[in-house]
There are 2 protein chains.
Amino acid sequence: MSDAKVTSLDVARMAGVSQSAVSRVFSGASASKTTIAKVRAAADRLGYRPNRLARAMITGKSRIIGLVVAYLDNQFYPLAIERLSQALQERGYHILLIMAGNSPEGIESVMADLMTYQVDGIITASVAMSSDLTERCAAMGIPVVMFNRGQDGSGLSSITSANVEGGRKVAEFLLAGGHGRIAHVAGWQGSSTGRDRTQGFCAALAEAGAPPPETIDGMYDRDTAAAAARKLMERPEPPDAIFVGNDHMAFAVMDTLRHEIGLRIPADVSIVGYDDVPMAAWAAYDLTTLRQPVNRMVEATVDTLLAEIEDPARGHERVEITGPLIIRGSARVPEGWT
Amino acid sequence: MSDAKVTSLDVARMAGVSQSAVSRVFSGASASKTTIAKVRAAADRLGYRPNRLARAMITGKSRIIGLVVAYLDNQFYPLAIERLSQALQERGYHILLIMAGNSPEGIESVMADLMTYQVDGIITASVAMSSDLTERCAAMGIPVVMFNRGQDGSGLSSITSANVEGGRKVAEFLLAGGHGRIAHVAGWQGSSTGRDRTQGFCAALAEAGAPPPETIDGMYDRDTAAAAARKLMERPEPPDAIFVGNDHMAFAVMDTLRHEIGLRIPADVSIVGYDDVPMAAWAAYDLTTLRQPVNRMVEATVDTLLAEIEDPARGHERVEITGPLIIRGSARVPEGWT
DNA sequence: AGGTTTGTTGCATACGTTTTCAATTACGCT
DNA sequence: AGCGTAATTGAAAACGTATGCAACAAACCT
């Protein structure tokens with residue numbers, strides 16, 4: 001029934017009221033019972049829905065959030081996106097999705113693109129932002145929240161798990177398990193998350209008097225992580241435990257140890273990951289890992305972003321969310337460990 | 001430097017030209033060398049970028065594509081989204097992402113939401129559309145392309161792999177491998193892809209004189225598939241080969257057989273999947289599977305959608321893309337098979 | 001009853017752009 | 001020089017909505 005384009009004016013004519021009346025009904029402003037009824041009836045009959053772009057022009061609020069994400073091969077991100085999208089939809093916002101490689105100039109151009117859509121805010125998922133860009137966003141008055149990545153210099157808000165503390169927990173667990181030669185395939189050291197986890201891990205080892213772990217940067221990449229695992233095992237005294245900077249790389253390490261080198265996990269080597277993506281619970285890996293609480297991180301991200309949108313004068317926030325160590329079968333479990 | 005909102009009028013004033021001139025420079029219409037230079041200079045200095053929403057209002061083209069997707073836990077979809085987003089970005093379009101559970105009324109409201117953003121087109125990834133909704137989209141003159149799902153009744157365009165043919169190939173491969181008791185954990189029979197694969201598979205078996213396979217619907221769900229595997233193996237004459245309707249479920253089946261029932265793959269049971277997601281190549285699974293060529297499917301999707309956008313009178317298209325069987329180690333390989 | 005508050009309504013304007021149209025300028029040619 | 005054609009330009013209208021303002025009606029109070 002409904003023809004191509006039906007505007008508020010069409011509805012107004014059919015309902016016998018002014019265009020403003022129609023607008024008021026749909027924007028929740030006050031109107032009398034009778035007009036509301038007339039407008040609603042006409043609108044239903046014509047299949048009218050307000051044009052959000054036109055609305056955005058007037059109000060200056062597009063109710064669009066730009067989501068910038070680097071890659072989707074790490075299962076953690078699809079999951080986060082799914083939750084983010086749902087949480088934002090419930091609040092009346094929608095996501096404009098942008099894929100950006102991790103090159104700085106790529107990010108740059110992509111963010112500029114986003115601005116032209118007049119997004120109300122931006123969420124970056126594991127993307128590093130230059131301080132130049134940071135400033136430009138601030139100048140444009142457009143809130144940015146970094147999900148699962150911090151940026152030391154910038155004044156931007158960020159939501160992460162408690163990575164330093166997480167690294168410590170893993171170290172304590174491995175030490176309690178009686179491991180003597182502990183190694184580390186690190187998360188990308190160019191990222192705050194990677195650095196923090198490594199730092200907490202090494203600090204706890206040092207405090208316990210353990211030797212510093214043999215460490216290789218796995219770059220959050222499967223192949224790099226697999227190569228790192230090979231290299232570690234070629235040593236004259238190979239490790240009996242490896243902390244891997246995220247689950248995605250941990251799977252690669254486990255595959256390499258088991259099917260390429262022929263080792264048993266955890267009998268020969270204990271493996272601990274970070275994230276607790278769904279796959280970590282699959283029987284094939286059964287990975288002991290430090291959980292990043294996606295749901296709470298998403299909630300915090302949405303809350304922070306919308307708060308900054310509604311009150312631009314609001315300061316930036318830096319939220320860290322603590323997660324538990326999920327104990328499964330990929331690492332030797334210390335006596336009497338809960 | 002750039003202040004909050006800089007419009008074409010600001011640029012015009014600084015460049016000493018009319019606002020129309022600025023518009024012409026940025027919309028690629030003709031202008032003299034000198035004006036172009038003046039405008040460019042002023043725009044750069046002010047950090048001006050045209051407001052795409054305002055542009056969309058008058059042109060009627062938002063350059064936004066709505067992407068509706070049900071779930072993201074099957075790795076096939078993140079991958080497809082990544083590619084889709086990139087392909088569309090290259091063509092000047094961007095993606096408005098919507099998560100929709102698979103409930104019909106959810107889809108309904110979500111699509112209506114999309115319309116209010118004046119999207120130029122919609123891609124649905126593995127979502128079923130009611131014929132009512134189909135009609136409304138057609139009435140609105142808004143092109144829809146279904147990715148990895150067909151809809152028999154509707155006149156909408158769809159891009160799928162050659163599912164019937166794919167099912168046949170798997171059957172032929174398993175028969176050639178000398179398997180006598182072939183079972184099937186089917187893709188969701190409420191979806192065209194699931195039905196087609198099953199149909200091709202069963203048809204080929206029947207033509208070869210093999211008994212019809214024991215079949216259970218796995219609903220594209222891990223838990224359901226795992227339960228199906230258990231049930232199949234409890235039979236007095238358990239299967240020596242299982243064709244699973246997609247890789248995502250195949251992983252669950254393999255986990256169950258190996259770690260719960262203690263069977264070896266492929267020595268005790270051969271497993272074949274469908275999709276060839278990246279994980280299928282991982283050593284832990286090393287899954288023989290029928291590849292869905294994501295890249296070509298994405299290309300076809302984008303081409304079809306943009307073609308329909310540019311020429312609304314264009315008819316709908318139903319593209320099927322053939323994929324090869326990727327032979328790995330999860331199924332017995334017939335003698336001399338390439 | 002009269003004055004005051006409260007609520008409802010329509011008119012007109014604004015948002016930032018593209019695009020038509022007419023006017024002006026530049027240019028080629030005899 | 002002069003004329004015709006092409007290229008360039010600015011003014012103004014449009015896109016679909018929200019909203020300030022003034023007008024008006026209704027209700028309330030003393």
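Lettering of chains follows the sequences in order, A, B, ..., and the numbering in each one begins at 1.
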Using whole Å, report how far [atom1] of [X] lies from [atom2] of [N].
X: A/L46; N: D/dG16; atom1: CG; atom2: P; result: 14 Å
X: A/K38; N: C/dT8; atom1: NZ; atom2: C1'; result: 11 Å
X: A/I36; N: C/dG7; atom1: CD1; atom2: P; result: 14 Å
X: B/Q118; N: D/dC15; atom1: CD; atom2: C1'; result: 10 Å
X: A/L53; N: D/dA14; atom1: CG; atom2: C1'; result: 16 Å

Problem - Upstream residue (5' side of DNA chain D) when B/T34 and A/A21 are each assigned their closest nucleotide - result: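 Here B/T34 is the residue nearer the 5' end.
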
Practice task
By nearest nucleotide on DNA chain D, pick out whichever of B/V17 and B/M57 is the more 5' one.
Solution key: B/V17

Handout entry: Distance below 4.0 Å between A/T35 side-chain N/O and C/dT9 OP1 or OP2
Key = yes

Problem - Proximity of A/F26 and A/Y48 rings by center, below 6.0 Å - result: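 Judged by ring-centre distance (under 6.0 Å), A/F26 and A/Y48 do meet the cut-off.
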
Exercise for the section: Over 60° means perpendicular and under 30° means parallel, so classify the ring planes of A/H94 and B/Y117, tilted if in between. Expected result: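 B/Y117 vs A/H94 ring planes: perpendicular.
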
Problem - Parallel, tilted or perpendicular, as decided by the 30° and 60° cut-offs, for the rings of A/F147 and A/F76 - result: parallel

Fill in the blank from the handout: In B/L88, B/I159, B/V68, the residue satisfying side chain to side chain contact (heavy atoms under 4.5 Å, CB included) with B/I123 is B/L88

Fill in the blank from the handout: Nucleotide by nucleotide, nucleotides 17-28 of chain C touches protein heavy atoms under 4.0 Å in the pattern (B base, S sugar-phosphate only, - none) BBBB--------

Exercise for the section: Give one of base, sugar-phosphate or nothing for B/A56, where a contact means two heavy atoms less than 4.0 Å apart. Expected result: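 Since no nucleic acid heavy atom lies under 4.0 Å of B/A56, the category is nothing.
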
Problem - Over all atoms of both residues, closest heavy-atom pair of A/T193 and A/N148 - result: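 Heavy-atom minimum between the residues: CG2-O, 3.2 Å.
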
Problem - Candidates D/dG10, C/dG10, D/dC15 - which lies nearest the side chain of A/S18 - result: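 Taking heavy atoms from C-beta onward, the closest nucleotide is C/dG10.
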
Practice task
Before accepting this row, confirm whether a basic side-chain N of the pair A/D303/A/R296 lies closer than 4.0 Å to the acidic partner's carboxylate O.
Solution key: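 The answer is no: the pair does not qualify as a salt bridge.
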
